[in-house]
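Data first, discussion second: the structure below is written as structure tokens.
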Amino acid sequence: MSMDRRKFIKLTAITGTTAALASCGSPENQIIRFIPEDDLVPGVAVWKPSICPLCASGCGVIARVVEGEAEVFRHGQPGVIRMGLVKKLEGNPADPISHGKLCPRGQAAIQVTYHPDRLAAPMKRKGPRGSGEFTEISWDDALKELLAQLDGLASAGEQASLALLMRARTGRRPGLIAQFLARFGAPAPVVFDVFGDDVLRHANELSFGHHQLPTLDLAHARYLMGFGADFLGTWNSPVAHSVAFGAMRGDRPGVKGKFVQVEPRMSSTGASADEWVAVRPGTEGVLALGLAHVIIKAGLRTAASAGRAGSIIDGWTGGLASYTPDQVEQKTGVKAAKVERLAREFAENAPACAVIGGAPLAHTNGVFQAVAVNALNALAGSVGVPGGVNFTPRPGTSSPQRALADLLGGATPKVLLIDDANPVYASPPGWRVAEAIQKIPFIASFGSFLDDTTVHADLILPDHSFLESWIDAQPESGALAAVTTVAEPAMRPLYDTRSMPDVLLDVSRRLQTPLTPALPPSFEEMLKAVAGAAPVGAAAVGGGKPSGLPGATALTIDASFDGDATQLPFHFLPYHSQALLDGSLAHLPWLQEMPDPLTSAMWSSWIEINPKTAAGLGIGDGNVVDVASAH
């Protein structure tokens with residue numbers, strides 16, 4: 001397929017005004033010039049709203065659309081057409097998340113649509129699983145293949161043997177998928193996100209009754225303390241955070257909020273701090289409780305003022321006697337005098353805000369670390385107030401879901417649908433994901449690229465790109481009010497692809513026993529109903545309320561580390577790349593070419609190590625090193 005497309009691209013370098021051109025008289029090399037589909041003024045740009053899909057932030061963007069000539073597929077045939085083409089993406093000034101700004105990943109999102117390796121039509125496997133050998137088929141044949149598998153499950157009463165694996169998303173698409181599976185009789189969708197934030201959601205539910213990520217009102221904070229969260233680079237909603245952080249630092253005459261970052265490895269966010277505090281991995285929560293101890297002992301706040309967030313921590317009502325500055329220094333490596341000073345600064349510069357995310361929550365004591373920082377915020381009176389930690393009202397669209405462990409640990413499904421998830425690439429080898437999916441009799445993927453997981457599919461039903469689709473977002477955080485954004489396609493599809501939600505809706509009606517009650521006729525109509533009276537591309541705000549408070553849970557205080565420390569003395573700290581995230585964006589050239597903000601490295605991988613430690617090992621810049629673990 002890739003060779004055929006490259007051959008076609010070379011052929012289309014010969015352009016003209018005739019209805020069809022032939023190369024050397026060979027009929028298979030005809031270039032068809034289709035009738036233009038758009039009524040645009042040449043050279044005049046039109047800006048259309050859309051939503052960046054490359055992370056869960058849901059940033060609103062505007063796409064600059066200009067008339068141009070494109071190689072497309074129409075009626076099953078390749079050809080050339082003049083149409084509106086998106087040339088540039090920018091942040092949407094009217095969007096409450098992006099505020100007109102856009103991160104490097106958002107700028108590069110346009111390359112998803114024009115990528116030369118993007119799949120252009122349905123494909124059926126013709127070689128062994130994983131070989132990457134596929135043949136192009138029509139949509140009619142592809143849907144017949146999928147319907148035969150689903151009808152076969154229904155006829156045998158094995159609807160529960162259908163599974164769907166998807167990446168983490170917001171908006172109505174996950175809800176539609178959950179409804180499809182429930183009405184078919186299948187389990188909830190399996191959601192995979194290698195750097196997921198489920199630990200923080202769970203901790204927030206324990207502390208505050210909100211099973212969601214926080215929204216930080218940085219613009220009104222006077223003091224900010226980060227515990228490992230790369231909130232200006234990769235964590236949660238970095239564009240919204242960056243805009244608010246800029247306001248915190250410079251929008252208030254005479255007031256410049258202070259920022260302290262606590263982490264074992266300096267992140268791009270840490271490089272922006274007024275003060276960077278090195279801490280031993282897995283001890284961030286101990287430091288947070290050490291700060292709380294000082295605040296309570298000095299009488300700056302009472303222990304009771306933290307409410308439930310404090311009461312779920314052992315020793316809180318007694319003033320956290322086992323978290324004195326000297327004891328905290330022994331565990332964390334942070335000097336006792338610094339613990340005292342930071343605690344007083346945090347308590348005396350209200351509104352103050354503490355945030356934890358990323359690597360600290362990946363340790364075996366991740367929940368403890370999160371609830372410790374939550375308790376520090378509650379003690380300082382920083383929850384639900386301007387300049388503090390808030391929770392965006394939820395519009396009530398959450399859908400049931402399962403984790404990848406449920407798929408790997410349960411009965412092997414007979415049919416697996418994959419929606420833009422790539423766990424074979426992103427999971428640890430010990431999980432044996434590739435082996436598990438090899439056992440599944442039939443796999444259909446809606447992927448746009450032949451990635452490590454889609455290559456195992458029997459059938460590929462390529463999705464439109466986000467610029468070619470109706471799209472929506474309901475961000476979990478990033479704005480103080482609930483946000484629902486809906487946008488229509490910014491351009492017509494280039495290839496013979498179809499919107500994944502519309503494929504599901506079509507299948508739901510064409511099953512031998514159609515799903516009841518019937519799902520909406522199209523994803524477009526479903527999203528228009530969501531938007532209601534709000535204009536397309538605009539944000540509509542709504543309300544929500546927190547869930548009930550669960551009971552207390554046992555917390556693991558000390559992190560455990562694998563391997564013998566005498567043989568394996570270092571900590572290996574994986575982190576999100578500001579350009580490539582978990583690696584899922586590594587196919588986008590602009591992001592590969594972007595220098596790393598701290599090392600300036602590009603098109604490469606590297607190991608970061610403390611310079612003194614490196615010197616002791618005889619390691620210098622540019623050396624090639626081996627990294628070994630217990631596994």
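What you see below is based on every heavy atom in this structure, not just the backbone, and it leaves out hydrogens, waters and symmetry mates. When a residue number appears, it is its place in the shown sequence, counting from 1. Not measured: the values here are computed from a predicted model.
- Residues Phe523 and Asp472 form a side-chain contact, since some pair of their non-hydrogen atoms from C-beta on lies under 4.5 Å apart.
- A salt bridge links Asp458 to Arg129: at least one charged side-chain nitrogen sits closer than 4.0 Å to a carboxylate oxygen.
- The minimum heavy-atom distance between Ile97 and Ser237, with the atom names listed, is CG2-OG, 3.7 Å.
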Pairs under 3.5 angstrom only: tabulate donor-acceptor contacts from the side chains of residues 407-416 to other protein residues two or more places apart or in another chain.
residue, atom, partner, partner atom, Å
Lys414, NZ, Glu158, OE1, 2.9
Lys414, NZ, Glu158, OE2, 2.8

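- A donor-acceptor contact shorter than 3.5 Å is absent between the side chain of Trp603 and the backbone of Pro595.
- Of all heavy-atom pairs spanning Ile471 and Ile51, the tightest one is CD1-O, 3.6 Å.
- Remark: Ser604 pairs with Ala601, Trp606 by the side-chain contact (heavy atoms from CB on, under 4.5 Å) rule, at least two apart or across chains.
- The local environment of CZ in Arg509 is crowded, with over 12 non-hydrogen atoms from other residues, nucleotides or ligands closer than 6.0 Å.
- Here the side chain of Glu476 pairs a donor or acceptor atom with the backbone of Leu213 at under 3.5 angstrom.
- Sorted by first and then second residue, the salt bridge (charged side-chain N to carboxylate O under 4.0 Å, His left out) pairs with a member in residues 417-426 read Arg167-Asp420, Arg169-Asp419, Arg169-Asp420, Arg173-Asp419; sequence neighbours excluded.
- Side-chain polar atoms of Thr170 and Gln474 form no donor-acceptor pair below 3.5 angstrom.
- With 3.5 Å as the limit, one finds no donor-acceptor pair spanning the side chains of Ser499 and Ser469.
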- How far apart are the C-alpha atoms of Ser268 and Gln578, what are their side-chain angles, what is the distance that settles it, and do they pass the side-chain hydrogen bond (donor to acceptor under 3.5 Å, both in side chains) test? CA-CA 8 Å; Ser268 58; Gln578 189 159 341; 3.0 Å; yes
- Message: The test is side chain to side chain contact (heavy atoms under 4.5 Å, CB included); show your working for Thr392 and Gln212 and say whether it passes.
- Response: CA-CA 9 Å; Thr392 302; Gln212 66 183 102; 4.2 Å; yes
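- Of the charged side-chain nitrogens involved, none lies within less than 4.0 Å of a carboxylate oxygen, so that Lys144 and Asp140 do not count as a salt-bridged pair.
- Judged by distance alone, with hydrogens and angles left aside, the side-chain atoms of Asp95 form no donor-acceptor pair with the main-chain N or O of Cys59 at under 3.5 Å.
- The existence of a salt bridge linking Lys528 and Glu488 is excluded, since no basic side-chain nitrogen approaches an acidic carboxylate oxygen closer than 4.0 Å.
- Taking a 6.0 Å sphere around NZ of Lys101, one finds it holds 12 or fewer heavy atoms contributed by other residues, nucleotides or ligands.
- Asp151 places no side-chain N or O within 3.5 Å of a backbone atom of Ala148 that could act as its donor or acceptor partner.
- When side chains are defined from C-beta on, Glu71 does not count as touching Ile81, because their heavy atoms never get closer than 4.5 Å.
- Under the 3.5 Å distance criterion, the side-chain polar atoms of His241 are matched with a main-chain donor or acceptor of Phe231.
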Return all side-chain donor-acceptor pairs below 3.5 angstrom for residues 443-451, not counting sequence neighbours, or 'none' if the list is empty.
residue, atom, partner, partner atom, Å
Ser445, OG, Gly447, N, 3.0
Ser445, OG, Thr454, OG1, 3.0
Asp451, OD1, Thr453, N, 3.0
Asp451, OD1, Thr454, N, 2.7
Asp451, OD1, Thr454, OG1, 3.2

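- No side-chain heavy atom of Glu468 sits under 4.5 Å from any side-chain heavy atom of Arg492.
- Side-chain contact between Thr485 and Val483 is present, with heavy atoms from C-beta onward closer than 4.5 Å.
- Residue Lys88 qualifies as enclosed at atom NZ: its count of foreign heavy atoms under 6.0 Å is above 12.
- Looking at heavy atoms from C-beta onward, Glu67 lies out of side-chain contact with Val44 at the 4.5 angstrom threshold.
- The side-chain contact (heavy atoms from CB on, under 4.5 Å) check on Pro128 picks up Ser131, Glu133, with sequence neighbours excluded.
- Proximity of Met166 to Pro174: side-chain heavy atoms (C-beta onward) are separated by under 4.5 Å at one or more points.
- Taking all atoms of both residues into account, the shortest heavy-atom contact from Pro189 to Ile177 is CB-CG2, 4.1 Å.
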- Query: side-chain hydrogen bond (donor to acceptor under 3.5 Å, both in side chains) between Asp582 and Ser584: does it pass, once the steps are laid out?
  - Reply: CA-CA 6 Å; Asp582 58 357; Ser584 59; 2.7 Å; yes
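- Residues Arg64 and Val86 form no side-chain contact, since every pair of their non-hydrogen atoms from C-beta on lies 4.5 Å or further apart.
- Between the CD atom of Gln512 and the OG atom of Ser155 there is a distance of 5.0 Å, given to the nearest 0.5 Å.
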Scan the side chains in residues 190-198 for donor-acceptor partners under 3.5 Å anywhere in the protein, sequence neighbours excluded, and list what turns up.
residue, atom, partner, partner atom, Å
Asp193, OD1, Phe195, N, 3.3
Asp197, OD1, Trp235, NE1, 3.2
Asp198, OD1, Arg201, NH1, 3.0

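- Looking at every heavy atom in both residues, Ala142 comes nearest to Pro122 through CB-CB, 3.8 Å.
- Of the residues Leu85, Val112, Leu494, Leu89, the one that meets the side-chain contact (heavy atoms from CB on, under 4.5 Å) test with Leu467 is Leu89.
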